[in-house]
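Here is how names work: the chains are called A, B, and so on, in the same order as the sequence lines, proteins then strands, and each is numbered from 1.
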Number of protein chains: 2
Amino acid sequence: MAKDRKIDLVILGLLSHEDLTGYDIKKRIDGSISFFWKGSFGSIYPALNEMEKSGLVKKKEAKKSSGREKIMYHITAAGRKVLADWLKDEQASNDLKYETLLKIYFGGSEDKAVTICNIEAFEKQIKENLELLKLYKENLESVLDEEGHINYYLTVTFGIDTYEAYLKWCTKAKKLLKGRR
Amino acid sequence: MAKDRKIDLVILGLLSHEDLTGYDIKKRIDGSISFFWKGSFGSIYPALNEMEKSGLVKKKEAKKSSGREKIMYHITAAGRKVLADWLKDEQASNDLKYETLLKIYFGGSEDKAVTICNIEAFEKQIKENLELLKLYKENLESVLDEEGHINYYLTVTFGIDTYEAYLKWCTKAKKLLKGRR
DNA sequence: CTCACAATATATCAATTTGATATATTATGG
DNA sequence: CCATAATATATCAAATTGATATATTGTGAG
């Protein structure tokens, strides 16, 4: 096993654009990336320490005069190599864990209202996130020609397209359930 | 924390229909459920043991005359209660972890061909799974009136609708990348 | 018929990840 | 000027994965 640590690649990917602290990395992951990946402090800080030991990143302890410790990380050439190799490897694990679908799947013996309620909660979640994604898209459309922005744009449109498909399915599903009550 | 064990609910959901062994449970999870949830032996067997201790399931050690040990599990009333409460609770964690999107997001500085390659690998994965889902759907359409089958059907159409949206996005994305090479 | 291989079956382990919590500092709004 | 939010690092138990160990039963090719 070992070297299944996907968080390493997320961190290296982020550091390939700019130097960041662990806290910064968490903020980036919680931003536009959060639609297709997650990451917690509990994985970020240990990963940074281990990658520093193995030479993929370098510490740049930017201690302010009086301030609290603040460890800035910088990607090394070795780190860039690991990142590039991963990008060129076309195999990818794409995993979905949707508790809503689990509840629908197992909710067949319950009253149909229970399933409808679960679909409506999902619908609400998706609508909120869709609004956010549409904002990202708008802001991106003006800077699409800048280096790397098309790729960022593509992940946003992926989110929008799938969320819109989800909402259409919600409408269809509720209609089907109500028709057969 | 504690009681974040989603695998418990998957197991209880499966046992609410029929008695199963841990091995059977793994097979069910790897079937039609695998499109929206995963589960490994390493989580199933410990969960079964702990749920037996807490009285949510009961062992029915169906030792064949000569055969190897085979532990059949049966859901208890307490187990059904836990399952029903979970189904009625509308909050749900819906998490997507798509390494492909991560590679697209971070692939902006690489050659566009790298991103296209990653999209094509994804496209292939999705096409294969879509064929499977369409087979499930066909088989279900004739038994849609049976108890609980609409719910199963809905999860399958969810998969089909989103996978079709993915494929449309793949075509669009490749066109956009090639146009701007 | 038999032998290798696939399928059935349970169990455990290291590595990974989550989600929570602990701790401390700095900025800010009422 | 004080409470709260934001910044910042770190650690831990619990959950999960993916691999591996072990053993039995069914089956198809020779």
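The side chain to side chain contact (heavy atoms under 4.5 Å, CB included) with A:Leu12 is formed by just one residue from the set A:Arg80, A:Met51, A:Lys81; it is A:Met51.
One can place NZ of A:Lys70 at 18 Å from C1' of C:dT23, the figure rounded to the nearest angstrom. Summarising the geometry, the separation between OH on B:Tyr73 and P on C:dT10 is reported as 7 Å, rounded to the nearest angstrom. Following rounding to the nearest Å, B:Asp4 (CG) and D:dT17 (P) show an atom-to-atom distance of 13 Å. For the pair A:Ile7 CD1 and C:dT17 C1', the interatomic distance rounds to 9 Å; values are reported in whole Å.
Of the N and O atoms on the side chains of B:Asn94 and A:Thr100, at least one donor lies less than 3.5 Å from an acceptor on the other residue. For the residue pair A:Trp169/A:Glu164, the side-chain donor-acceptor check at 3.5 Å is not satisfied. At a cut-off of 3.5 Å, with distance as the only test, a side-chain donor of B:Tyr153 or B:Glu141 sits close to an acceptor on the other residue.
Ion pairing of B:Glu52 with B:Lys58 is absent here, as no side-chain N (NZ or NE/NH1/NH2) approaches a carboxylate O to less than 4.0 Å. At a threshold of 4.0 Å, the pair B:Arg28-B:Glu18 counts as salt-bridged, since one of the basic side-chain nitrogens sits closer than that to a carboxylate oxygen. Of the charged side-chain nitrogens involved, none lies within less than 4.0 Å of a carboxylate oxygen, so that A:Glu90 and B:Lys103 do not count as a salt-bridged pair. A salt bridge is absent between A:Lys168 and B:Asp161: the closest approach of a Lys/Arg side-chain nitrogen to an acidic carboxylate oxygen does not fall below 4.0 angstrom.
Residues from residues 13-30 of chain B that place a heavy atom under 4.0 Å from any atom of DNA chain D: there are none. Near DNA chain C, defined here as any heavy-atom distance below 4.0 Å, the residues from residues 90-102 of chain B are B:Lys97, listed numerically. Within residues 35-54 of chain B, the residues that have a heavy atom under 4.0 Å from DNA chain D are, in order of number, B:Lys38, B:Gly39, B:Ser40, B:Gly42, B:Ser43.
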Donor-acceptor contacts, no H, no angles, side chain residues 35-45 of chain B, under 3.5 Å, sequence neighbours left out:
from: B:Lys38; atom 1: NZ; to: A:Asp95; atom 2: OD1; distance (Å): 3.4
from: B:Lys38; atom 1: NZ; to: B:Ser34; atom 2: O; distance (Å): 3.1
from: B:Ser43; atom 1: OG; to: B:Ser40; atom 2: O; distance (Å): 3.0
from: B:Tyr45; atom 1: OH; to: B:Tyr23; atom 2: N; distance (Å): 3.4

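Five base pairs at each end of the helix from C:dC1-D:dG30 to C:dG30-D:dC1 define two local axes, and these are offset by 40° (rounded to 10°).
In this structure A:Asp24 satisfies the salt bridge (charged side-chain N to carboxylate O under 4.0 Å, His left out) test with no other residue, sequence neighbours excluded.
Under the 6.0 Å cut-off for aromatic ring centres, B:Tyr166 and B:Phe122 qualify, their centroids lying closer than that.
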Give the intermediate values and the outcome of salt bridge (Lys or Arg N to Asp or Glu O under 4.0 Å) for residues B:Arg5 and B:Asp8.
-> CA-CA 6 Å; B:Arg5 285 233 309 283; B:Asp8 287 11; 3.1 Å; yes

